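Chain letters run A, B, ... following the sequence lines, proteins first, then strands; residues in each count from 1. Being a predicted model, the structure only gives us computed values, none of them experimental.
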Protein chains: 2
Amino acid sequence: MGKQSMDLMRGTLDLLILKILSAGSLHGYEISKRIREQTEAEIFVEEGALYPALRRMEERNWLTSEWGISKNNREVKFYLLSSEGKRQLKEQSVQWDRYVRAMDRVLKIAGSPA
Amino acid sequence: MGKQSMDLMRGTLDLLILKILSAGSLHGYEISKRIREQTEAEIFVEEGALYPALRRMEERNWLTSEWGISKNNREVKFYLLSSEGKRQLKEQSVQWDRYVRAMDRVLKIAGSPA
DNA sequence: CCTTATACCTAAAAACATTATGCATAAGAT
DNA sequence: ATCTTATGCATAATGTTTTTAGGTATAAGG
């Protein structure tokens, strides 16, 4: 039994969080659930990765946060995209696309004959 | 002036090396040149990442190596894909595809209205 | 002889992820 | 009443990989 979801690739967590938050503010636990759901459990974010990432991004002023009450009636911290966060989302999306295309160029070239 | 090539995404260097070597044995310096060329300089592998990666992969028996003479008449170490390496190439290619598709599912969902 | 490209390597530091914990409460089940 | 599960935040220790920065050496062309 291998694990069903892969290790996070460097840099992709920030992009995922930025994108998820572009639809509206959410709290951490909900962000991680959305990532799991929207990727059909392909990508699962450990809490030990999620919360430090949110702090990092807030420090960099990509996000702002405020405490509030969740739908489940719990005290939670909501994160909101800042304008710098929106800029980052755009930039990192472009970079991700470029990276994928670059990988494709290598992977699509014929390798060793069977 | 930003740098023109991106940071490597975790895990993708191994896949790139495996793929490049699937066309035939090459030495380290040549591998890094091919990655640069085939990605049109989008991905540049630092030597400090390249050589440790080759050693790791050899330790894991994905590659074998032997010293030889390059086209430039230099003593170089040639790396060759092992059968386990071929297996890894297949597996990691599939994983990469799945990861890209998972990212796409998130990134393609409409975000915040302009 | 000087410079450039080629070619290998490693150590220190930074960055990020995993694993393992810990704490706390709402809600539903027994 | 109490147990369990899901929710929700957080950090510390560890591990892996990458960047940065340095070192060594030779072939070839000017």
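Counting heavy atoms from C-beta outward, B:Arg60 and B:Asp14 have side chains that approach closer than 4.5 Å. Side-chain contact check for A:Glu58 versus A:Trp62: every heavy-atom pair is 4.5 Å or farther apart.
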Could you go step by step and tell me if A:Tyr99 and B:Thr12 meet the side-chain hydrogen bond (donor to acceptor under 3.5 Å, both in side chains) rule?
-> CA-CA 10 Å; A:Tyr99 201 92; B:Thr12 58; 2.7 Å; yes
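Residues satisfying the ring pair (Phe, Tyr, Trp, His ring centres under 6.0 Å) criterion with B:Phe78, sequence neighbours excluded, are B:His27.
Whole-Å rounding puts the A:Glu75 CD to C:dA26 P distance at 9 Å. Rounded to whole Å, atom C1' of C:dA26 lies 12 Å from atom OH of A:Tyr29. Atom C1' of nucleotide D:dC9 and atom CD of A:Glu46 are separated by 16 Å, given to the nearest angstrom. Look at CD1 on A:Ile35: it is 15 Å from P on D:dG8, rounded to the nearest Å. If you take CZ of B:Arg36 and C1' of C:dA7, they are 13 Å apart, rounded to a whole angstrom. Taking atom CD of residue A:Glu30 and atom C1' of nucleotide D:dA6, one finds them 13 Å apart after rounding to whole Å. Look at CD1 on A:Ile69: it is 13 Å from P on C:dT25, rounded to the nearest Å. Between A:Asn73 atom CG and D:dT7 atom P the separation is 14 Å, expressed in whole Å.
Shown here is B:Glu75, whose CD atom has no more than 12 heavy atoms of other residues, nucleotides or ligands within 6.0 Å. Counted within 6.0 Å of CD on B:Glu84, heavy atoms from surrounding residues, nucleotides or ligands total more than 12; the atom is thus considered enclosed.
Within residues 50-60 of chain A, the residues approaching DNA chain C are A:Arg56, A:Arg60, by heavy-atom distance under 4.0 Å.
Residue A:Gly28 is in sugar-phosphate contact alone, with no base atom involved, counting any heavy-atom pair closer than 4.0 Å across all strands shown. Residue contacts shown for A:Glu47 include a base, since a base heavy atom lies under 4.0 Å away. Nucleic acid contact class of A:Arg74 (heavy atoms, under 4.0 Å, all strands): base.
Comparing A:Val45 and B:His27 along DNA chain C, the residue whose closest nucleotide (by nearest heavy atom) sits nearer the 5' end is B:His27. For the pair A:Ala49 and A:Arg10, nearest-nucleotide mapping onto DNA chain D gives the more 5' position to A:Ala49. Comparing A:Phe44 and A:Asn72 by the nucleotide of DNA chain C that holds the closest heavy atom to each, the one mapping nearer the 5' end is A:Phe44.
Under 4.0 angstrom from either OP1 or OP2 of C:dT6 there lies no side-chain N or O belonging to B:Lys71. Phosphate contact (OP1/OP2 of C:dT6, side-chain N/O of B:Ser70, threshold under 4.0 Å): absent. Regarding contacts with the backbone of D:dA6, every side-chain N or O of A:Lys33 stays at 4.0 angstrom or more from both OP1 and OP2.
Listed here is the closest heavy atom pair of B:Glu42 and A:Arg105: CB-NH1, 4.4 Å.
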